[in-house]
Amino acid sequence: AVAGTKYVDDANRVFMAGLVASFAGLVAAAAAKVDVSLLARADWTEVWPKGISIGVLSFGAQNIVPTLFSYLGRDPLRTREAVLLGTCFPLAIYSIWELVTLGSVS
């Protein structure tokens, strides 16, 4: 191998910082145009609770658990925390994006 996981991890952190900054900029620019009344038009009973299991599985953490477990020193607590945060963080970002886009489009 040319570089170890430390270099890949460092590069990933830089790219993630760029993604977070881009997302924050887009949300900040679009948030001023959100009309909350547009969000009330949705039928949320079609999503909750039927679509939640599909939503959780769509983040795909279940296929990386063995690798993540090994990467985190075979520590089940750290692995559980990583999977939980790794699922909740994208869910929060996706939810914010949905609120901004659905609240902006008439």
Side-chain angles (χ1 to χ4, degrees):
V2 175
T5 56
K6 181 189 178 328
Y7 297 109
V8 174
D9 189 37
D10 291 342
N12 188 44
R13 289 173 193 260
V14 170
F15 291 130
M16 285 302 298
L19 282 171
V20 169
S22 299
F23 179 77
L26 285 168
V27 168
K33 298 178 180 7
V34 172
D35 179 4
V36 179
S37 67
L38 294 174
L39 298 173
R41 296 186 316 177
D43 182 9
W44 297 107
T45 61
E46 290 298 319
V47 177
W48 184 264
K50 295 182 253 182
I52 296 304
S53 60
I54 294 170
V56 169
L57 290 175
S58 68
F59 292 112
Q62 67 276 7
N63 60 348
I64 64 159
V65 171
T67 303
L68 191 59
F69 184 67
S70 176
Y71 183 75
L72 294 174
R74 306 182 68 79
D75 183 348
L77 187 59
R78 287 181 64 202
T79 304
R80 185 179 302 125
E81 183 179 88
V83 170
L84 183 61
L85 290 174
T87 301
C88 290
F89 184 72
L91 178 61
I93 296 296
Y94 181 73
S95 297
I96 292 168
W97 184 252
E98 286 296 315
L99 288 172
V100 168
T101 54
L102 293 175
S104 301
V105 179
S106 55

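Because only heavy atoms are used, hydrogens play no part in the values below, and waters and symmetry mates are left out as well, while side chains stay in. Computed from a predicted structure; not experimentally measured.
- Here the closest non-hydrogen pair linking S37 and D35 is OG-OD1, 2.9 Å.
- Heavy atoms only, all atoms of each residue included: G103 and L39 are closest at N-CD2, 3.7 Å.
- The OG1 atom of T101 sits 11.0 Å away from the CG atom of L38 when rounded to the nearest 0.5 Å.
- Following chains of ILVMFWY side-chain contacts shorter than 4.5 Å, one can reach L102 starting from L99, so the two form part of one hydrophobic cluster.
- Between I96 atom CD1 and L91 atom CG the span is 10.0 Å, to the nearest 0.5 Å.
- Side-chain contact between V83 and T87 is present, with heavy atoms from C-beta onward closer than 4.5 Å.
- Atom-to-atom distance recorded for L68:CG and R80:CZ is 12.5 Å, nearest 0.5 angstrom.
- Other residues, nucleotides and ligands contribute at most 12 non-hydrogen atoms within 6.0 Å of the OH atom of Y7.
- Note on V65 and Y71: same hydrophobic cluster, where clusters join Ile, Leu, Val, Met, Phe, Trp and Tyr whose side-chain heavy atoms are under 4.5 Å apart, directly or indirectly.
- Remark: R41 CZ to S106 OG distance equals 6.5 Å, nearest 0.5 Å.
- When all heavy atoms are compared, the tightest approach of R78 to L72 is NH2-CD2, 3.3 Å.
- Contact annotation: the side chain of I93 approaches that of F89 to within less than 4.5 Å [non-hydrogen atoms, C-beta and beyond].
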Test side-chain contact (heavy atoms from CB on, under 4.5 Å) on D9 and R13; report intermediate values, then the result. CA-CA 6 Å; D9 189 37; R13 289 173 193 260; 3.2 Å; yes
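- The shortest distance between side-chain heavy atoms of D10 and K6 falls below 4.5 Å.
- Listed here is the closest heavy atom pair of A30 and S104: O-OG, 3.9 Å.
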